[in-house]
2 protein chains.
Amino acid sequence: MTTPGRGLHGRVLDTLGPEITAGEYPPGSVLRTDELAQRFDVSRSVMREAVRVLESMHLVESRRRVGVTVRPMAEWNVYDPQVIRWRLAGADRPRQLRSLTVLRSAIEPVAAGLAARHATAEQCAELTECALGMVANSRGHKLEEYLVHDVAFHRVILDASGNEMFARLGDVVAEVLAGRTHHDVMFEDPDPAAVTLHVQVAEAVRAGDAARAEELTREITVGALQELDILAP
Amino acid sequence: MTTPGRGLHGRVLDTLGPEITAGEYPPGSVLRTDELAQRFDVSRSVMREAVRVLESMHLVESRRRVGVTVRPMAEWNVYDPQVIRWRLAGADRPRQLRSLTVLRSAIEPVAAGLAARHATAEQCAELTECALGMVANSRGHKLEEYLVHDVAFHRVILDASGNEMFARLGDVVAEVLAGRTHHDVMFEDPDPAAVTLHVQVAEAVRAGDAARAEELTREITVGALQELDILAP
DNA sequence: CGTGATGAATAAGTCTGACTTTTTGTCTCC
DNA sequence: GGAGACAAAAAGTCAGACTTATTCATCACG
């Protein structure tokens, strides 16, 4: 991950950020920088830097003579990787995971279609390698190794799409996939059908068959959605 | 937009942010906080707050004994509304607009499908109202009025999807639509086919026909993509 | 009564200067 | 030429004094 302790203000954020995103302070609550500085035993300057960061994430708003007020969830920068991480670590992790999976289901098929058009030879090779890695670890409870290749696969697809907005969702996808493997119970080996689909996507991309790559990826994400629906219908 | 002058550090960001996102400092360049503070005629504390914000956007990285180094574009938080605004105001606006339009083409159809399932009666009414507003202003060079309804329409769709990640893209869509109307030349009235499609989407959502809403919206976004391809093939 | 002006209290905002800590580059010395 | 010590540089931290905007309450006036 990113460095955890990058300065005192970072330490403050590591506990204050999750508190806010967990909804511990209802929207409209006011925090006083002086009190916060006391609580975390840091100087006001450090506390102010932390508040500035929270402010840039639209988690809070700082106004004179009022204090630091917590903004309603609807205004948060929910695409900020830091915010995503905080929320995934908190109580509404399931809800968050569902939102992100729906996002994946919208993005990844289109990204795969673009990848089929734009992927370099090197990226095609990487993709095939990842798919093979998934096959090799799809049986025998080698979930960790499988995950590594799965994440790499989707990263390559997103990168190869040539769209920077898609490419930057690699971390999000990684978080979602890791979450599925680690937190949510996943005793069994991955679905063989999903593994096959990944191999086929790699083929389609290499063949430059955009429509097929898109459709196959859609099937993968539909599978991911169904998985969630089974877990929490 | 958001408040322009929210403190001294905000003023600094208003000029430093665009400079960085415009690529005026190549990746790896180092800035010294002291020099920046002098340049902007602010105290070091204010300058530090500004740097913290840039850091949280992953535009720069601050390291001891080294300085504030500019990160490569691939690491920027390109979903940060502030970053998007800075980049849209800069030189690579066209590229940015294309990326965002591709993003729209992935998100909005899925969002429309979900909206057909989840939209409240009130949201359906709003949608119809927006569509009618578009029709009413589709002829006679009433581009501004048309834009207002167009933006509102897409916002309602994204909100009604019930997915917060989609909902938060409302501002992005607004920027893209506004960009198309204002910056890129658009002398003529909007495409009548597009107007009809919006009306039909509103109908499909009200009827709860997810597949149809999705497909119609896909046509809208395909149109938006073609528009860009014609302007800069 | 309301209504608008006055003023005081409050909390964020700003600046300054001194000090600490980490990192890096260099200069020995073996 | 490599290992370790040393010095310089820049960010990081802190404390305290001061400024400024905002809110709220009070009070006079219509």
Side-chain angles (χ1 to χ4, degrees), chain A residues 1-17 19-20 24-72 75 82, chain B residues 1-17 19-20 24-72 75 82:
Chain A
M1 259 358 46
T2 41
T3 356
R6 59 283 185 226
L8 261 191
H9 87 283
R11 304 270 197 81
V12 172
L13 286 175
D14 285 340
T15 80
L16 191 54
E19 282 181 4
I20 294 175
E24 288 188 29
Y25 309 98
S29 312
V30 298
L31 311 171
R32 249 69 58 77
T33 45
D34 285 3
E35 292 180 10
L36 289 173
Q38 277 196 4
R39 173 182 161 199
F40 290 104
D41 193 37
V42 296
S43 66
R44 289 211 327 273
S45 2
V46 167
M47 196 61 228
R48 289 177 55 69
E49 289 172 24
V51 168
R52 287 289 176 245
V53 173
L54 294 174
E55 203 174 30
S56 92
M57 295 166 173
H58 276 69
L59 297 182
V60 303
E61 193 183 358
S62 181
R63 278 168 51 202
R64 269 185 152 125
R65 163 61 208 216
V66 164
V68 178
T69 73
V70 178
R71 305 182 86 149
E75 295 176 10
Q82 185 80 118
Chain B
M1 273 332 70
T2 42
T3 356
R6 61 286 182 219
L8 262 189
H9 85 284
R11 304 271 198 80
V12 172
L13 286 175
D14 285 341
T15 79
L16 191 53
E19 282 181 5
I20 294 174
E24 288 189 28
Y25 309 98
S29 313
V30 299
L31 312 172
R32 249 69 56 79
T33 46
D34 284 1
E35 293 180 9
L36 290 174
Q38 277 196 3
R39 172 183 161 197
F40 290 104
D41 193 37
V42 296
S43 66
R44 289 202 323 284
S45 6
V46 166
M47 198 58 228
R48 289 176 54 68
E49 289 172 25
V51 168
R52 287 290 176 242
V53 173
L54 294 174
E55 203 173 29
S56 92
M57 295 167 173
H58 275 68
L59 296 182
V60 303
E61 192 183 358
S62 180
R63 279 168 52 201
R64 271 185 152 125
R65 166 59 209 226
V66 164
V68 178
T69 72
V70 178
R71 306 182 89 153
E75 295 175 10
Q82 185 79 115

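Within every chain, numbering begins at 1; the chains are lettered A, B, ... in the order of the sequence lines, protein sequences first and strands thereafter.
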By a strict heavy-atom criterion of less than 4.0 Å, which residues belonging to residues 37-56 of chain A are in contact with DNA chain C?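 Heavy-atom cutoff 4.0 Å gives A:Arg44, A:Arg48, A:Arg52.
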Where is the tightest heavy-atom contact between [X] and [Y], given as atom of each residue plus distance?
X: A:Gly17; Y: A:Leu54; result: CA-CD2, 4.4 Å
X: A:Pro26; Y: A:Val70; result: O-CB, 4.0 Å
X: B:Val53; Y: A:Ser56; result: CG1-CB, 3.7 Å
X: B:Ala37; Y: B:Met47; result: N-CG, 3.8 Å
X: B:Pro72; Y: B:Pro27; result: CA-CB, 3.7 Å
X: B:Ala50; Y: B:Leu13; result: O-CD2, 3.7 Å

Residues that B:Arg48 engages under salt bridge (Lys or Arg N to Asp or Glu O under 4.0 Å), provided they are two or more places apart: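 Partners of B:Arg48 under the salt bridge (Lys or Arg N to Asp or Glu O under 4.0 Å) test: A:Glu49.
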Any residue meeting salt bridge (Lys or Arg N to Asp or Glu O under 4.0 Å) with A:Arg39, in chain and number order, not counting sequence neighbours: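 Partners of A:Arg39 by the salt bridge (Lys or Arg N to Asp or Glu O under 4.0 Å) criterion, ordered by chain and then number, come out as A:Glu19.
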B:Val60 and side-chain contact (heavy atoms from CB on, under 4.5 Å): which single residue from B:Ile20, B:Val30, B:Leu16, B:Thr69 fits?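 With B:Val60 as partner, B:Ile20, B:Val30, B:Leu16, B:Thr69 yield a single side-chain contact (heavy atoms from CB on, under 4.5 Å), made by B:Ile20.
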Give me the bend of the helix from C:dC1-D:dG30 to C:dC30-D:dG1, using the axes of the five pairs at each end, rounded to 10°.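 Comparing the axis at each end, I get an angle of 20°.
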Chain A footprint on DNA chain C, 5' to 3' - any atom under 4.0 Å from a heavy atom: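 That gives a stretch of C:dA9 to C:dT14.
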Give a yes or no on whether B:Glu24 atom CD has more than 12 heavy-atom contacts from other residues, nucleotides or ligands under 6.0 Å away.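 More than 12 heavy atoms, drawn from other residues, nucleotides or ligands, come within 6.0 Å of this atom.
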In whole angstrom, give the distance that lies between atom CG of B:Asp34 and atom P of D:dA8.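 Those two atoms, CG and P, are 18 Å apart.
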For the CZ atom of A:Arg6 and the CD atom of B:Glu55, what is their distance to the nearest 0.5 Å?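 Here the interatomic distance stands at 8.0 Å.
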Check whether any side-chain heavy atom of B:Phe40 lies under 4.5 Å from a side-chain heavy atom of B:Thr15, and answer yes or no.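 Yes, close enough: below the 4.5 Å cut-off.
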Please list each protein N or O that sits under 3.5 Å from an N or O in nucleotides 23-25 of chain D, with the distance.
from, atom 1, to, atom 2, distance (Å)
D:dT23, OP1, A:Arg63, NH2, 2.5

